[in-house]
Amino acid sequence: MYIEDKLEEKIIIFTGAGLSSESGISTFRYSNGLWENYNIEDVCTESTWMRNFELVHKFYNERRSQLSSVEPNAAHYKIAELEKKYGDKLIVITQNIDDLLERAGVKNVLHVHGELTKMYCVECYHKWDQGYKDSDGICPKCGEKTARPNVVFFGGAAPMYKYMKRAFFKINHKDSKMIVIGTLGNVVPVQSYIGTIVKSEWVKNVKGKTFLNNLERSEYLSENLFDEIFYGKATEAIDGIDSFLAQED
Ligand code: NAD
């Protein structure tokens, strides 16, 4: 069978921290390796989080409290509108751990780095919705001090990556489109995914179209891999996204 028969026409929206920055949640590496004045290594590392238990919970409690006080912005609402318009054809994938896409009305979001409002126990594997409340790190089921936020730490497992990669392959269809918003591209190496899958040379003339929105050029994202680029705020990229999606070929 010719490989194109197995591909489906899809639209992928792949977002990073830049999508939520106009809502008041700061980005990550972009601010000199600090995330809200914490060292990323201290609060996001699989091998050290237990050692930094109190600090890790303080940090994520502050993130939940902050999340409860911010609102989705126009770019989140735009993605909800696109989901209504395109239905199952649209796949929304985010690296963000906030819930602003859901609060804007997006029904299906693949959170590849987990969700801030969810927690689990590394001892008994109980999972629960923490909402925006503080946690003392104690599991409500087994009572052990072994609870953690359901977010992917550096060096930890990222079980949702397999679904993300499967989705990226669908974009190889010639009529598929991929929109990347607000990511430097160094945590999830989106450049290598686009280069080897979306813009693959394995199958001639079967390539999706790509759109990039960031504030400025990233050293981790080759401009050659994008058909359209908008450097500016995500809330100002909306018109460009509409005309990109309206293009026939
Ligand atoms: P990053 O901080 O490394 O890079 C942010 C990118 O967004 C930059 O390329 C910047 O140009 C762009 N940007 C900033 N403001 C923008 C705006 N208003 N409009 C458009 N683009 C804008 O982010 P990353 O690549 O997503 O990696 C950060 C990691 O940290 C992710 O894995 C994520 O899980 C985590 N994180 C999440 C949140 C969140 O959930 N909101 C916030 C910070 C970090």
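Just so you know, ligand 1 is whichever comes first in the structure, and atom 1 is the first atom listed for that ligand. If you read the sequence from its start, that first residue is 1, and numbering goes on from there.
A chain of hydrophobic side-chain contacts below 4.5 Å, direct or via other Ile, Leu, Val, Met, Phe, Trp or Tyr residues, connects Met164 to Ile12. Hydrophobic cluster membership differs between Val152 and Val187, with clusters built from Ile, Leu, Val, Met, Phe, Trp and Tyr side chains linked at under 4.5 angstrom.
Interface of Gly182 with ligand 1, defined as ligand atoms under 4.0 Å from a residue heavy atom, comprises 5 (C), 6 (C), 7 (O), 12 (C), 21 (N), 26 (O). For ligand 1, the atoms sitting less than 4.0 Å from at least one non-hydrogen atom of Asn213 are 20 (C), numbered in the order shown with element in parentheses. Near Ser26, meaning under 4.0 Å from any of its heavy atoms, are these atoms of ligand 1: 42 (C), 43 (C). Close approach to Gly16 involves these atoms of ligand 1, each under 4.0 Å from a residue heavy atom: 26 (O). If you number the atoms of ligand 1 from 1 as listed, the ones under 4.0 Å from a heavy atom of Asp98 come out as 39 (C), 40 (O), 41 (N). Listed by atom number, the atoms of ligand 1 under 4.0 Å from Ile97 heavy atoms are 39 (C), 40 (O). Close approach of ligand 1 to Val187 is summarised as follows: ligand atoms under 4.0 Å from at least one heavy atom of the residue are 27 (O), 32 (O). In summary, the atoms of ligand 1 found under 4.0 Å from a heavy atom of Glu216, numbered by their order in the structure, are 11 (O).
Checked by atom type, the side-chain pair Ser135/Gln130 shows no donor-acceptor distance below 3.5 Å. Counting only N and O atoms by type, the side chains of Asp98 and Ser20 include a donor and acceptor under 3.5 Å apart.
Taking 4.0 Å as the cut-off between side-chain N and carboxylate O, Glu228 and Lys177 do not count as a salt-bridged pair. Note on Lys145 versus Glu54: salt bridge recorded, some NZ/NE/NH1/NH2 to OD/OE distance being below 4.0 Å.
Ring-centre distance between His113 and Phe153: not below the 6.0 Å cut-off.
For Gly232, the heavy-atom gap to ligand 1 drops under 4.0 angstrom.
The salt bridge (Lys or Arg N to Asp or Glu O under 4.0 Å) contacts involving residues 75-88 comprise Lys78-Glu81, Lys78-Asp242, where partners must be two or more places apart or lie in separate chains. Applying the ring pair (Phe, Tyr, Trp, His ring centres under 6.0 Å) definition to pairs two or more places apart or across chains, none involves residues 71-99.
Considering both main-chain and side-chain atoms, Ile25 never comes within under 3.5 Å of ligand 1 through any nitrogen or oxygen pair. In terms of polar-atom proximity, defined here as any N/O pair under 3.5 Å, Thr183 does make such a contact with ligand 1. For ligand 1, none of its N or O atoms has an N or O atom of Lys233 under 3.5 Å away. Some N or O of Ala234 is nearer than 3.5 Å to an N or O of ligand 1, by distance alone.
The part of Ser21 lying near ligand 1 is the side chain, judged by heavy-atom distances below 4.0 Å. Contacts of His113 with ligand 1, taken as heavy-atom pairs under 4.0 Å, involve the side chain alone.
A cation-pi arrangement, defined by a distance under 6.0 Å to the six-membered ring centre and an angle within 45 degrees of its axis, is absent between Arg64 and Tyr60.
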